[in-house]
Amino acid sequence: MSTIDKVKAYQRFDSRGNPTVKVEVTVNNHTASAMVPSGASTGDHEALELRDHGERFLGLGVEKAIGNVEEIEKILVGHDIFDQVNIDKLMIELDGTENKSRLGANAILAVSMAVVRTAALVSGKEVFHYINSLFGEPKMSLPIPMMNIINGGAHVNWEGSDFQEYMIVPSGADTFSQGLMWGVETYHALKSLLGKKGYSTLVGDEGGFAPNIQSNTKLIDLITDAIVQAGYKPGEEISIALDPAVSEIYDKDNKKYKLHTQNRELTSDEMIIMWEELVNNYPIISLEDALDQDDWEGWTALTQKLGKKVQIVGDDFLVTNTKRIDRAIQEKSANALLVKLNQIGTVTETLNAIAKCKEANWNTIVSHRSGETEDAFISDLCVATASGQIKTGAPARSERVAKYNRLLDIDEIDLVKLSQTVEFTGNTPFTGKQR
Ligand code: PGA
Ligand code: ZN
């Protein structure tokens, strides 16, 4: 039996310079670790990230979460490392709250991920291969990258666009590495275009540029120009995805969305009209959090109107939570899930959320957070679950690039060791889906 000997937590730092939790799990002298990320535009319904709220680190210390891992260690020592489902269940029960607020989702998830890594190590499997065996679906695939090349909203301290993310999606590429190359070249083309036009080329939290341009359409035009400049065909080879993350600009009291840069306030219906115009005029294939996280009726109307044409993605709206996903499937309120481990807090619950979406023929996109570390667990998760899409920022800043590099590693490991069992599913998430 391979049973857990030790579970130890440490403070480390994320890409915004804030403390985060690292956990090491040991079985028979085999030790592996994991670190958790942290969001800035978090959804109201996410599992709770436990912070100290004291004087250290502007209240963002994680001493309490680290201390709570000692409590978790007591119940996990002696437990079979391969029993992921029960390990996660034991931690959920020990926490005893609906949103993991007693022990902290940061403490619980770091343990859950480190258990996966250690189990993979003990069994001599690559992490993606091991997660695939937990997931139970034989298929594995390399994803299309969704690369966030213009950052706005909370990710640039509200100094740029109202909308948070403008992404490029190399949906016409034949392989993962080709798609990545197209994205990298377009990123550099955009940088030189911005420079020529006299805009700043400083980057935001996810590595995208943050020019002070107060118009969505102008930003999309710029991206389209960059795609052409890089030698690719907008819409055919490289498409555009938006994550406006509008829960951040929603005023719950007067039920309106405040577009600060344009000095306008829009209702839910007016927002849907705005999205429809954009989708009709630009090569947009995916829209994430285009309405507020609690506007269920609006989401259903949006999906009805645009869901056949574009991917309607729930991030803050669904928070990787099967209860919310169930309701959204039933009410046809979206057709894709953004998957974030730390929104729900365990690997098992994340895998369940993905499985549920697959059953409903929804797309799944495995995602980073705006505060990241060099931990590239999400790359393995994405391949293991054949999610088909990964959202992990610009090809700049090492905490983002680490995920792309890990996917390139996986591609090579697969070629050498697994005789190409990992396929590239290309643009299938965007075709052949009955939405
Ligand atoms: P967050 O943003 O990590 O700051 O929540 C990412 C996203 O909204 O997709
Ligand atoms: Zn989002």
Side-chain angles (χ1 to χ4, degrees), residues 14-18 20 35-49 51 60 105-106 109 143 145-169 203-208 210 240-250 257 275 284 286-295 299 302 310-321 324-325 328 334-345 350 353 363-373 375 377-378 382 387 389-394 397 399-400 403:
D14 72 17
S15 53
R16 278 192 281 251
N18 295 326
T20 190
M35 272 186 283
V36 292
S38 173
S41 66
T42 48
D44 288 351
H45 307 285
E46 294 192 19
L48 185 111
E49 178 185 85
R51 297 284 184 184
L60 296 177
N106 40 353
L109 178 63
M146 290 183 128
M147 305 165 89
N148 178 6
I149 60 171
I150 290 187
N151 293 187
H155 293 171
V156 297
N157 259 329
W158 301 100
E159 281 169 15
S161 157
D162 290 315
F163 298 151
Q164 186 176 282
E165 301 175 21
Y166 296 75
M167 294 169 277
I168 45 171
V169 187
V203 300
D205 285 352
E206 298 187 352
I240 293 174
L242 300 177
D243 175 11
V246 299
S247 295
E248 294 287 315
I249 55 167
Y250 186 61
Y257 296 85
W275 295 131
I284 294 170
S286 181
L287 262 185
E288 175 180 333
D289 282 352
L291 291 171
D292 180 63
Q293 59 203 331
D294 290 313
D295 184 3
W299 275 87
L302 177 73
V310 295
Q311 182 172 250
I312 306 289
V313 187
D315 170 19
D316 294 348
F317 175 49
L318 300 174
V319 294
T320 316
N321 181 317
R324 292 181 75 87
I325 295 166
N335 59 34
L337 173 73
L338 198 78
V339 179
K340 288 174 170 169
L341 287 147
N342 76 334
Q343 281 182 331
I344 191 69
T350 306
N363 288 342
T364 51
I365 305 146
V366 174
S367 172
H368 65 162
R369 299 304 307 240
S370 51
E372 267 293 336
T373 72
D375 190 312
F377 191 93
I378 59 164
C382 186
S387 276
Q389 298 173 74
I390 193 163
K391 178 174 125 156
T392 189
R397 299 184 57 137
E399 77 281 2
R400 314 292 147 191
K403 280 60 168 180

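Along the sequence shown, the residues carry numbers beginning at 1. Just so you know, ligand 1 is whichever comes first in the structure, and atom 1 is the first atom listed for that ligand. For clarity, every value in this text was computed on a predicted model and none was experimentally measured. Hydrogens, waters and symmetry mates play no part in the numbers below; they use all other heavy atoms, side chains included.
The aromatic rings of Phe163 and Trp275 are tilted relative to each other, their planes meeting at an angle between 30° and 60°.
Here the side chain of Glu248 pairs no donor or acceptor atom with the backbone of Ala245 at under 3.5 angstrom. For the pair Arg397 (side chain) and Gly208 (backbone), a donor-acceptor distance under 3.5 Å is absent. Asn151 places no side-chain N or O within donor-acceptor distance of the main-chain N or O of His155, the cut-off being under 3.5 Å.
Within the structure, ligand 1 lacks Asp205 among the residues with a heavy atom less than 4.0 angstrom away. Residue His368 places every heavy atom at 4.0 Å or more from ligand 1. Contact between Ser367 and ligand 1 is absent, with no heavy atom of the residue lying under 4.0 Å from the ligand.
Numbered from 1 in the order shown, with element, the atoms of ligand 1 that lie under 4.0 Å from a heavy atom of Lys340 read 2 (O), 5 (O), 6 (C), 7 (C), 8 (O), 9 (O). Each of the atoms 2 (O), 6 (C), 7 (C), 8 (O) of ligand 1 lies under 4.0 Å from some heavy atom of Gln164. Ligand 1 places these atoms under 4.0 Å from at least one heavy atom of Gly39: 1 (P), 3 (O), 4 (O), 5 (O). Below 4.0 Å from some heavy atom of Arg369 lie the following atoms of ligand 1, by number and element: 1 (P), 3 (O), 5 (O). Interface atoms of ligand 1 facing Asp315, defined by a heavy-atom separation under 4.0 Å, are 7 (C), 8 (O), 9 (O).
Within the 4.5 Å cutoff, no side-chain heavy atoms of Asn363 are placed close to those of Leu337. The closest side-chain heavy-atom distance from Glu372 to Glu206 is not below 4.5 Å.
For Asp243, the nearest N, O or S atom to the Zn ion (ligand 2) falls under 2.8 Å.
At a 4.0 Å heavy-atom cut-off, ligand 1 touches Ala40 through backbone and side chain alike. If you look at Asp243 next to ligand 1, the close heavy atoms, those under 4.0 Å, all belong to the side chain.
Between the side chains of Arg16 and Ser370, at least one donor N or O lies within less than 3.5 Å of an accepting N or O.
Remark: Lys340 does not engage Glu46 in a salt bridge, criterion side-chain N to carboxylate O under 4.0 Å.
Asp315 contributes OD2 as its N, O or S atom closest to the Zn ion (ligand 2). The N, O or S atom of Glu288 lying closest to the Zn ion (ligand 2) is OE2.
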